[in-house]
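Comments concern the structure below.
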Amino acid sequence: MLSLVLQTDYYYEYTECDSTGSRWRVAIPQSHGSCIGLPEPVRGTECTFSCEAGEFLEMSAQECTQCAAGTYSLGSGIRFDDWETIPSGFSSLATYLDNGPHGDDSSTCNSSTWFPQGSYLESNRDECTVSLIYAVHLKKPGSVSFDYQYPDGNLFFEFFIQNDQCQEMDQTADKKWLKLTSHGEWATHTVNLKSGTNILYWRTAGILIGAKVVKPVLLKNVHIEGVAYASECFPCKPGTFSQTPGSSSCQPCPRDTHSGHGASSCTPYADTYTQLGSAECKARPPCSKKDYFQIHTPCDLEGKTQVTYRWVEPQICLVDVAGAETLPPSGDREPCPPCNPGFYNNDTATCSPCPPGTFSDGSCPAGTEPAVGYQYKWWNVLPASMKTSCFNVGNSKCDGMNGWEVAGDHIRSGAGGSDNDYLILNLHVPGFKPPTSATGGAGTEFGRISFEFEMVCSADCELYFMMSTRVVASWEGSKVRQSYTHIMTKNASVSYTWAFQRTNQASDVRQNVNNVASIYSISVSNAVDGVSSECQTCALLSQPSGSLCVPCPPGHYIHTSQCTECPPNTHLTSHSTLGPEACKPCGPSSKSNKEHSRCYSDCVFSYSENNVSLSFDYSSLGSVGTLMNGPSFTTKGTKYYHLFNISLCGGEGRRAVCTDNVTDLSSADSQKETGEPANAVETLICQSTIIPSSGRGFHTALSSQSISLADTFLGATVALTLDGVKARPDLFPQTTNKVPDVNFFYRSLEVTSSCDKGRNVVVTLRCNPDRGTQGELTVPSQCPAGTCDGCTFHFLWESSGACPQCTSTNYHQIEGACKGGLQDTLYVWTEPKRCVGGVSLPEKKTWPCESMDFLVKMGATIGAFTAALLFSITCYFWKKNKRLEFKYSKLVMSSNKECELPGADSCAVMEGEENEGEMEDEVVYSKKTSLIRKLKAIASRVRVRTIMQLC
């Protein structure tokens, strides 16, 4: 006997679609058993069929039916907005693909995941790579959209899609890499999906370079369109309700009401409170000092103000219970602070701005014009150009609250609803209007904003200063009263924002109310809609009677109401400076551009010492030099590199560029307007952090955290110090090279929280012929990041292009042998050669010459003739000398005893004496005269002369 099959014993499903796009509806038993008695299969709806939002497909009739009250439907879509837990179908996978120098550290990522926070998901804050994964099968093309917060560029955030073959879908960079958001701002991201299986990935990975903790990514309201159909409606989550049938969404319950699961209305409770969209009521606590704050009342008609106290709204505490605090009494009425500069009090309770063309004390005289801008230093009411708000990503406690409160001589952060609220103060500037005499210039400063602030903190509070959505500077912890200045280099509308957060940890209570940020003064120069408190000198028409201010050409300063061009090789510092002092000389070995807006190196350097002159030409190094040092590793072992781009001769069009390929890639409009990458830094020296593609599982190397290290050239010199910047030759290997190192000094005008005077850079150029033209850039081995103190960077650039120009003193000549009547003269470089370019070696020279064989023969002939002549002369005089000696000896021998010598008639040789002489020669010199006998004869002659003297 067959049992009766009830409708509750089975349910309907569709079969898979066939090749024709059709399917069948079949009945599936609720429990395993016999299929006898089930309804027969019938042809189902088309595979692409779906219902409208607020409806679901009733499978029995295969018709769309409205959802009941307390439920909702998206039709062909699904939405995830309840994050008390990670919804079914989602999974979180943590990996650590970079082993680093410490081996496999994958176990350190076991606790890294996406954390549900009730109304949103929060990503990891560490260096692990964590993916949130969801797979969905679409019957027709659809889309996915989600809301996110991405405030910290130190955390990489990408969204991509894979098919069922684990192949990544084609995506442009602006769809894959998410755009940074300002603090407290939710952005929406939408990507089209193809039919079939789509696996969605939200992937994050932190880079903790330094001790600073990154801020997580927040995710909510994931909405997917393109599913086949909705077979049922979803009940409203607790804290929400849908009052009418056919709803496509649920509304949050009002304050002080609550609702349960699938509610069509919200229920109020007495003596309890709830936040907007709360699922349960909480007992109201007794009021405490944390539940009220003080304000200064606006000036009344008598010009008086006083301190009063107000409850934090909405007030959730009870006053009339034991132990509750009450509001303190208001303070005494005191005179209102004076009007801010540029405003005046026209016998009313408010301050009014000075009319155009005037300043606080009257009209500007001829030859001057108002110096427009904002100068806020008295805080009785919030200026019209400013507004304040409060925002929290996890709750709505502070919605509608004032984030900042005026306090007479300062403005301070408000109470807020929770400790992790963003207390926001905003100042909008529609544009900048430089002084008339400066509008023709090409200077880099259109205006500047300066403010003086102070922070008192006991927790991990932080103050952000932002320009539009970009964080310009931030400060953590307590800070003494100090000033900060930011220079505007582009003329555009801008919104300045100060955001104070007592803690970045999730918090639902207000405990650290004594953590306060105070701003004492804010000044903005050259604001378009600003007011004036003083007049400034301007240039006049050249006519004697001219009184109209005129713009000065680029590179001109105002002197005696006339425009005067700056001298050569000087730069115009500021248009607020009058007279020649406005033009500052460029540093050594630098020159100014045509507009006198900046100084740069023309790649030429000269140096003289001890009558030796060296000339350098760094043109071969003038293009941008690149150095990627590393690898370095974070505390968890993530590998990263520092990429430095250096423009040594940074003239016009020769500047270094560092680009982020991760953050802010969706700013395509900005790129089209400027023609430059949306998130690029163009300067003289810049730095980027590079994460290799193999290190974190990304498909490409990541470039982020691009910053400018130097935007001003100070000069080049062999000295070790210039304008307060000191070179450190001890950080690099010493050299025996006699060519001196040349130091290029740079500075960045932008100050940071860690470098209150800006960053400095020293590039040392060293002659090294073995390094080639481009050479090699290195950083100190003990400071692998290029800096030892975080503010001054040092680089050594060794190159043959850093050697001096060659001169005639760098080579010598060599003379060759005389061959065939010709002799060559060669010129060679003096080794070791330490010069490049300059003069070239002279060509080989050939001179006529006499050969060596002819000279030798002629010398031998002349020598022989000379020797024969000398021998003949010697023989002749020797013979004459012999005759004289004989006659003298004869006279000596014939002398008398009285020592009288007979007078000689003549000393000449008489006739017939020649033979006699020969006889005497035979008698006296019968024997051959020896050397001893010659000496004895000389001695005898000396004795004769002595006797004759005695006689």
Side-chain angles (χ1 to χ4, degrees), residues 443-445 472-473 485-487 489 571 573 584-593 597-603 605 618 621-629 642-660 676 680-689 703 705-717 719-728 731-732 741-765 777-780 783-797 802:
T444 58
E445 180 179 337
V472 178
T485 299
H486 178 73
I487 297 175
T489 57
H571 66 285
T573 56
K584 299 296 183 183
C586 292
S589 299
S590 64
K591 58 173 57 178
S592 63
N593 58 359
S597 60
R598 62 168 59 95
C599 298
Y600 68 97
S601 169
D602 60 355
C603 288
F605 178 79
Y618 300 119
L621 306 178
S623 58
V624 176
T626 300
L627 166 65
M628 181 181 288
N629 69 323
H642 278 143
L643 175 67
F644 299 96
N645 287 330
I646 299 176
S647 177
L648 190 67
C649 308
E652 302 300 328
R654 304 177 68 179
R655 298 170 73 82
V657 178
C658 293
T659 306
D660 287 0
E676 300 174 357
V681 176
E682 182 178 350
T683 183
L684 295 180
I685 302 176
C686 59
Q687 171 193 294
S688 296
T689 300
S703 173
Q705 302 177 7
S706 296
I707 58 174
S708 171
L709 300 182
D711 50 23
T712 302
F713 179 62
L714 300 180
T717 176
L720 299 181
T721 304
L722 180 63
D723 198 14
V725 184
K726 185 177 181 181
R728 293 281 306 277
L731 296 177
F732 298 102
D741 293 342
V742 181
N743 300 310
F744 277 60
F745 293 86
Y746 301 85
R747 174 172 290 156
S748 173
L749 298 179
E750 184 176 353
V751 300
T752 64
S753 56
S754 57
C755 303
D756 55 355
K757 295 183 180 179
R759 298 184 180 95
N760 303 313
V761 178
V762 181
V763 180
T764 300
L765 300 181
L777 266 169
T778 57
V779 294
C783 307
T787 176
C788 299
D789 58 4
C791 296
T792 301
F793 290 76
H794 299 272
F795 301 93
L796 176 64
W797 198 338

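Basis for what follows: all heavy atoms, side chains included, without hydrogens, waters or symmetry-related copies. Note that the structure is predicted; figures quoted are calculated from it, not measured.
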Subject >> R747: which of L684, D711, L722, D723 passes side-chain contact (heavy atoms from CB on, under 4.5 Å) >> reply: D723
Original post:
Do C686 and F644 have side chains that get closer than 4.5 Å, going by heavy atoms?
Top reply: no
Original post:
Does the pair L648 and L765 meet the rule for a side chain to side chain contact (heavy atoms under 4.5 Å, CB included), with working shown?
Top reply: CA-CA 10 Å; L648 190 67; L765 300 181; 3.8 Å; yes
Original post:
F732 and V779: which non-hydrogen atoms are nearest, and at how many Å?
Top reply: CE2-C, 3.8 Å
Original post:
Do any N or O atoms from the side chain of N743 and from the backbone of A719 form a donor-acceptor pair under 3.5 angstrom?
Top reply: yes
Original post:
Roughly how far apart are L796 CG and D741 CG, rounded to 0.5 Å?
Top reply: 7.0 Å
Original post:
Hey, are the side chains of K584 and H571 touching, using non-hydrogen atoms and a 4.5 Å cut-off?
Top reply: yes
Original post:
Under 4.5 Å between any side-chain heavy atoms of V681 and I707, yes or no?
Top reply: no
**OP:** For residues C599 and S590, report the shortest heavy-atom separation together with the two atoms involved.
**Re:** CB-OG, 4.3 Å
**OP:** Could you tell me whether the side chains of S647 and N645 share a donor-acceptor contact shorter than 3.5 Å?
**Re:** no
Subject >> Spacing of R759 atom CZ and T712 atom OG1 [to the nearest 0.5 Å] >> reply: 13.5 Å
Original post:
So do the side chains of V742 and Y618 get within less than 4.5 Å of each other, counting heavy atoms only?
Top reply: yes
**OP:** Please report the closest heavy-atom contact between G790 and C755, naming both atoms and the distance.
**Re:** O-SG, 3.6 Å
**OP:** Could you list the residues that satisfy ring-ring contact (aromatic ring centres under 6.0 Å, His included) with F713, not counting sequence neighbours?
**Re:** F744, Y746
Subject >> Least distance between heavy atoms, S688 atom then S706 atom >> reply: OG-OG, 2.8 Å
**OP:** Kindly compute the distance separating CG (L709) from CD1 (I646), expressed to the nearest 0.5 Å.
**Re:** 8.5 Å
Original post:
So which heavy atom on F745 is nearest to which on T717, and how close?
Top reply: CE1-CG2, 3.6 Å
Original post:
Between CH2 of W797 and OG1 of T764, what distance do you get to the nearest 0.5 Å?
Top reply: 12.5 Å
Original post:
Do the side chain of T787 and the main chain of T792 share a donor and acceptor less than 3.5 angstrom apart?
Top reply: yes
**OP:** Measure the CG-CD1 distance between L627 and I685 for me, rounded to the nearest 0.5 Å.
**Re:** 11.5 Å
**OP:** Please identify each residue that fulfils salt bridge (charged side-chain N to carboxylate O under 4.0 Å, His left out) with K591, with sequence neighbours left out.
**Re:** D602
**OP:** State, to 0.1 Å, how close T683 and R655 come at their nearest heavy-atom pair, and which atoms those are.
**Re:** O-CB, 3.4 Å
Original post:
Would you say the side-chain atoms of H794 pair up with the backbone N or O of V762, donor to acceptor, closer than 3.5 Å?
Top reply: no
